[in-house]
Amino acid sequence: MNWLVHELAAHPHFLPEVIDPLELDLPMRHEKQASPAVAELRQRVARADGFIVVTPEYNHGYPAPLKFLIDSVGAEWEAKPVGFVSYGGVSGGLRAVEQLRQVFVELHTVLVRDSVSFATAWEQFDEQGQLRQPERARRSLEAMLQRLHWWGQALRTARTSRPYRTAA
Ligand SMILES: Cc1cc2nc3c(=O)[nH]c(=O)nc-3n(C[C@H](O)[C@H](O)[C@H](O)COP(=O)(O)O)c2cc1C
């Protein structure tokens, strides 16, 4: 996560904001009346033009707190692009990403094909959280960011000219 934020902060087209499920005071279940934490989360998602979901992989899936965060938000996701950065053991979190693609289709997002993944992540980063060999990951990230930026701009223009919900 720190690596990604650092790379994005140095990028001319992105203004990153981190939303970490562990730092949100989300309730244990979905409630009819949105709690202040859920209301704030929705506002933060509504403000964004695109998303990069960072996920590890546990038993071939993505973590429950991430799913709860995703499900706590609704129309605020719509007509916006989503890219993925994943990490884990042998799979580099790619199985978790494939499952997340199914979830985000349901939320009317546009999925960026290119992603970044770190297999045996603990070997790739040093004690300071720096990548030992950053070139390959940077290339993958750049490809993903180009598409994310293109879709982010295109869909913002489209949402402005015609609300997504009336476009069906
Ligand atoms: C219970 C458990 C199950 C795991 N399952 C997988 C897995 O299915 N695939 C994989 O690539 N890595 C797996 N891992 C490795 C984790 O993805 C890896 O430890 C990762 O760094 C965890 O990230 P986190 O500490 O940020 O949650 C597993 C780890 C644990 C503890």
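Residue indices begin at 1 and follow the sequence shown. Whatever order the structure lists them in is the order used to number ligands and atoms, beginning at 1.
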K.L.:
When you measure from the side chain of Gln124 to the backbone of Ala119, do you find a donor-acceptor pair of N or O atoms at a distance under 3.5 Å?
P.N.:
yes
K.L.:
Of all the atoms in ligand 1, which lie at a distance below 4.0 Å from a heavy atom belonging to Ser91?
P.N.:
11 (O)
K.L.:
With a 4.5 Å limit on heavy-atom distance, are the side chains of Ile52 and Val112 in contact?
P.N.:
no
K.L.:
Using a 4.0 Å cut-off to any heavy atom of Gly89, which atoms of ligand 1 qualify?
P.N.:
10 (C), 11 (O), 12 (N)
K.L.:
List every atom of ligand 1 that sits less than 4.0 Å from any heavy atom of Arg95, numbering the atoms from 1 in the order shown and giving each element.
P.N.:
9 (N)
K.L.:
To check your reading of the model: name the closest protein heavy atom to atom 2 (C) of ligand 1, its residue, and the distance in Å.
P.N.:
Tyr58 CD2, 3.5 Å
K.L.:
Any chance the rings of Trp3 and Phe118 have centres within less than 6.0 Å?
P.N.:
yes
K.L.:
Tell me, which protein residue and heavy-atom name are nearest atom 5 (N) of ligand 1, and how many Å apart are they?
P.N.:
Asn59 N, 2.8 Å
K.L.:
Hey, does the side chain of Arg42 reach the backbone of Gly74 with a donor-acceptor pair shorter than 3.5 angstrom?
P.N.:
no
K.L.:
Taking atom CG of Asp71 as the centre, does the number of heavy atoms from other residues, nucleotides or ligands within less than 6.0 Å exceed 12?
P.N.:
yes
K.L.:
Start with the C-alpha distance between Phe51 and Phe104, add both sets of side-chain angles, then the distance that settles ring pair (Phe, Tyr, Trp, His ring centres under 6.0 Å), and finish with yes or no.
P.N.:
CA-CA 11 Å; Phe51 310 96; Phe104 275 102; 7.6 Å; no
K.L.:
Nearest protein heavy atom to atom 13 (C) of ligand 1, by residue and atom, and its distance?
P.N.:
Glu57 O, 3.0 Å
K.L.:
Between CG of Leu24 and CD1 of Ile19, what distance do you get to the nearest 0.5 Å?
P.N.:
7.5 Å
K.L.:
How far is atom 26 (O) of ligand 1 from its nearest protein heavy atom, and which residue and atom is that?
P.N.:
Tyr87 OH, 2.5 Å
K.L.:
Near His60, which atoms of ligand 1 are under 4.0 Å from a heavy atom of that residue?
P.N.:
7 (C), 8 (O)
K.L.:
Side chain or backbone, does Trp122 bring an N or O within less than 3.5 Å of an N or O on ligand 1?
P.N.:
no
